[in-house]
Amino acid sequence: MGHAGIKTVILLSFVLAVGFLMIILSCALYSNWLPLLVALTFVLAPLPNAVFAHCGGDDFSTDYEGSGPVDLGRFITAIIVVTGFALPLVLAHSEIIRPAACAMSIIGGALVYGTILAYTATFRQEESDYD
Amino acid sequence: MSLPRSNYDPRRVCLNPFPNFSLGKYRRTIGVYLAGGLFALANWTFLDAAILSAHAHAPYGEPELPPPVHVTFADWVPGICSLLGMLVVNLIDKDRVRGEEGFQDPRAVWRARLFLFIGFALMAGGLAGSVALLVLKYITHAYEEQYTYYGYASVSQNVALMLSAIVLWMSQSVGNEYEYNLSI
């Protein structure tokens, strides 16, 4: 994937756009803009790992060993991802948004987060080629 | 040099004999992610009940009839207890609880075990409190199913919080054992 090139980037940006389109449609079709929080949640999801990744691990420890700050980052990441899926379900359960809006925002959020994950994976492999 | 860790130590009162899982080298990562997911799931289960209660409307057809019961502050207390207990349990240094050699202060082990006991007591108290709340506030009044759901949500919140704490503890202590093997 190191030479994935421009096709991967275009594909990923297309999927990202579709994900945001789904979320915005789920808001705009019912003129209830609460599902937009899902987009915010999934955009924030990789942030803790990025912040805490450089806290743990000196030269003498292995990569997968983990330390307190790295674990905290992973914990917060898992919390945010589950929040992104649970928020539309909770809103739909208490009849604040429609079930269709709930499904669309979940699908859109999954697309957005999948894009972020895939982009991180390709970027990380390029970086390890450099090492 | 160091001695291999014995499986049985007569000084130990509070054994934590968790079986050794072998999920490969990513077990710590998987455990931490799983614990975070369970934590979020627990809190969203209860928040679902709270939001549902805040938006509860009268049954269709009889609009004068208000909902008979709401989620009040009493429902939040068991969850807060479990949360505090989880915080206390996970703030303890796990090597101290095991009572390994190398610490100057032997009373530190005793204190660590005391705090571990307090943490687990808080979590168990939260669980027992949620069950008591379910029985006393919802089941004995024989509410409808959509209202007893609040109680069940509180119970499942506390169960999931306890599971999350256990998974987190297990994954982190497994990681410590691996580190110990490396240091030999």
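These figures come from a predicted structure and were not determined experimentally. The figures that follow rest on heavy atoms only: side chains count, while hydrogens, waters and symmetry mates do not. The sequence lines fix the lettering, A, B, ..., with proteins before strands; numbering per chain opens at 1.
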To the closest 0.5 Å, what do you measure between [atom1] ([X]) and [atom2] ([Y])?
X: A:D71; Y: B:Y33; atom1: CG; atom2: OH; value: 10.0 Å
X: B:L34; Y: A:R74; atom1: CG; atom2: CZ; value: 13.5 Å
X: B:D48; Y: A:L91; atom1: CG; atom2: CG; value: 9.5 Å

- Picking from B:G31, B:S53, B:A40, which has the most non-hydrogen pairs under 4.5 angstrom with chain A?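 So the answer, after comparing B:G31, B:S53, B:A40, is B:A40.
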
Does [X] share a hydrophobic cluster with [Y], counting links as ILVMFWY side-chain heavy atoms below 4.5 Å and allowing steps through other members?
X: A:I23; Y: A:M104; result: no
X: B:L83; Y: B:I166; result: yes
X: B:V131; Y: B:V159; result: yes
X: A:V90; Y: B:Y150; result: yes
X: B:F73; Y: B:V71; result: yes

- Message: Is A:I96 close to chain B through its backbone or its side chain, or both, or neither, when contacts mean heavy atoms under 4.5 Å?
- Response: side chain

- Between A:T83 and chain B, which part of the residue has a heavy atom less than 4.5 Å away: side chain, backbone, both or neither?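 Contact with chain B is through both the backbone and side chain of A:T83.
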
- Message: Can you confirm whether more than 12 heavy atoms, excluding those of A:Y119, are under 6.0 Å from its OH atom?
- Response: no

- Heavy atoms from other residues, nucleotides or ligands near OH of B:Y143 exceed 12 (cutoff 6.0 Å):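 Count over threshold, so yes.
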
- Task: Against chain A, label B:L38 side chain, backbone, both or neither, depending on which of its atoms sit under 4.5 Å from a heavy atom there.
- Result: neither

- Message: Tell me whether the rings of B:F39 and A:F75 are parallel (<30°), tilted (30 to 60°) or perpendicular (>60°).
- Response: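 The arrangement is tilted - the two ring planes meet at 30° to 60°.
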
- Item | Smallest separation among heavy atoms of B:G37 and A:A78, with atom names | N-CB, 3.5 Å

